[in-house]
Amino acid sequence: MASVSSQPQFRYTQPPSKVLHLRNLPWECTEEELIELGKPFGKVVNTKCNVGANRNQAFIEFADLNQAIAMISYYASSSEPAQVRGKTVYLQYSNRQEIVNNKTAADVAGNVLLVTIEGADARLVSIDVLHLVFSAFGFVHKITTFEKTAGFQALVQFSDAETATSAKDALDGRSIPRYLLPEHVGPCTLRITYSGHTDLSVKFQSHRSRDYTNPYLPVASSAIDGSGQFGMGLDGKKLEPESNVLLASIENMQYAVTLDVLHMVFSAFGPVQKIAMFDKNGGLQALIQYPDVQTAVVAKEALEGHCIYDGGFCKLHISYSRHTDLSIKVNNDRSRDYTIPNAPVVETQPSILGQHPVPSVGQAVQYNGVQYSPGPEQPVMHQPQPQAGWAAAAPAAPQSMPMQMHNNHYMPPPGTMPPQMAPGMMQFRPPTSTIPPYGSGHIR
DNA sequence: AGCACA
């Protein structure tokens, strides 16, 4: 089949069009510059920049054909050529009648940002640092990260497009502040566009994705990384090195706080792997290790400043430890590794539990309606595994509350009031027992 | 310096 169009590829005189084709533009000419150029002749209703192999061509579309004609004829007879940034720009009618702007999702403002982290060490930027950076502009609902051909990218979800826009405008092209990055990490620049997404789907809290609206989301085992991550609370304000290990100090310790009490209290938020208690500055402190930072964060937020016993007794002050993995050499009444079911338990002494009428825990701990009820038939230990286990216990599993409220033989410590249960507070009742076998944090 | 990747 020969004899097709004898038409030349380009006609050098185009029929008029509302759309003008510009070439010889400076590098990365902006839409604003194009509008500026066309504005004297009419209303520019659409533009397209960075066209052509060299990305130095563009189109501008006027509202009215006459406006396009006015611009062409003006520069046809002008002694001064059309210029952008002092560079001569060549104009002609486009061979199309309108700009078909493949307005990608990247161009239309939305509440989710697509963030590309540029730099040799981009992959080393943690999700917590990203959360910190973007939280400066508003509540960050969710973050997901992933590797694409474009490199290391993240989707950051805000409440609304306005918040997202403010973050985008402020951060696009900027580098993550050095002080937020580990020493050895090189500069990381953010390239930000809008994403087409409106609501990200985050199944697990992990090193790749976070849902800050749902702290009880299961924590994926992949989220466990030994390195102490720097992150921040949901309020986006404080900058504190988060850790999966909490340091709890106990103030106003009128009652003995035992390993098992601590285990019960802290198990309300997830599996406790290890606990180590020690005396410091005349007070009792304890390190509590969770499998992941996220759980520790939730526990810290929930427990900080609360009292183990009603009446202001045994007030907890909690901070993040620098530890990430406690070394428990021996299981005794001050330290325990709940991840080793058969570790030897050393009874160093007849145990303080045996000596005093010690207030202790009940079978279930409640906090904000969340119950976690380690019972004898349900060994406390949950290996750090995704989805299964403790998270499922969050929406309360009534059948796993083995003990009734009555039937406590409570003996108040001398000269004190019995701890009462305040609504919404942790519930504790006096013990009738000695140290339970290791691995089971409950007391009966 | 000559017309838009999906």
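Within every chain, numbering begins at 1; the chains are lettered A, B, ... in the order of the sequence lines, protein sequences first and strands thereafter. The structure presented is a predicted model; accordingly, all values stated were derived computationally and were not measured.
- Within 6.0 Å of CZ in A/Arg178 there are more than 12 heavy atoms belonging to other residues, nucleotides or ligands.
- In summary, the aromatic rings of A/Phe62 and A/Phe41 are positioned with their centroids too far apart to meet the 6.0 Å limit.
- Nucleotides of DNA chain B nearest to A/Asn56 and A/Val19 differ in position, and the one nearer the 5' end is that of A/Asn56.
- As a whole-Å value, the separation of A/Arg23 CZ from B/dA4 C1' is 15 Å.
- Contacts of A/Val100 with the nucleic acid, taken as non-hydrogen atoms under 4.0 Å apart, include base atoms.
- Atom C1' of nucleotide B/dC5 and atom CG of A/Asn54 are separated by 16 Å, given to the nearest angstrom.
- Between the side chains of A/Ser243 and A/His323, no donor-acceptor pair of N or O atoms lies under 3.5 Å.
- The distance from atom CH2 of A/Trp27 to atom P of B/dA1 is 16 Å, rounded to the nearest whole Å.
- Rounded to whole angstrom, the span from the CD atom of A/Gln57 across to the P atom of B/dC5 amounts to 10 Å.
- Per the geometry, NZ belonging to A/Lys87 stands 7 Å off P belonging to B/dA1, to the nearest Å.
- Whole-Å rounding puts the A/Arg55 CZ to B/dC5 P distance at 8 Å.
- If you take CG of A/Asn50 and P of B/dC5, they are 10 Å apart, rounded to a whole angstrom.
- Residues A/Ile318 and A/Leu303 are in side-chain contact: their nearest non-hydrogen atoms beyond the backbone lie under 4.5 Å apart.
- Atoms CD (A/Gln14) and P (B/dA4) sit 12 Å apart, rounded to a whole Å.
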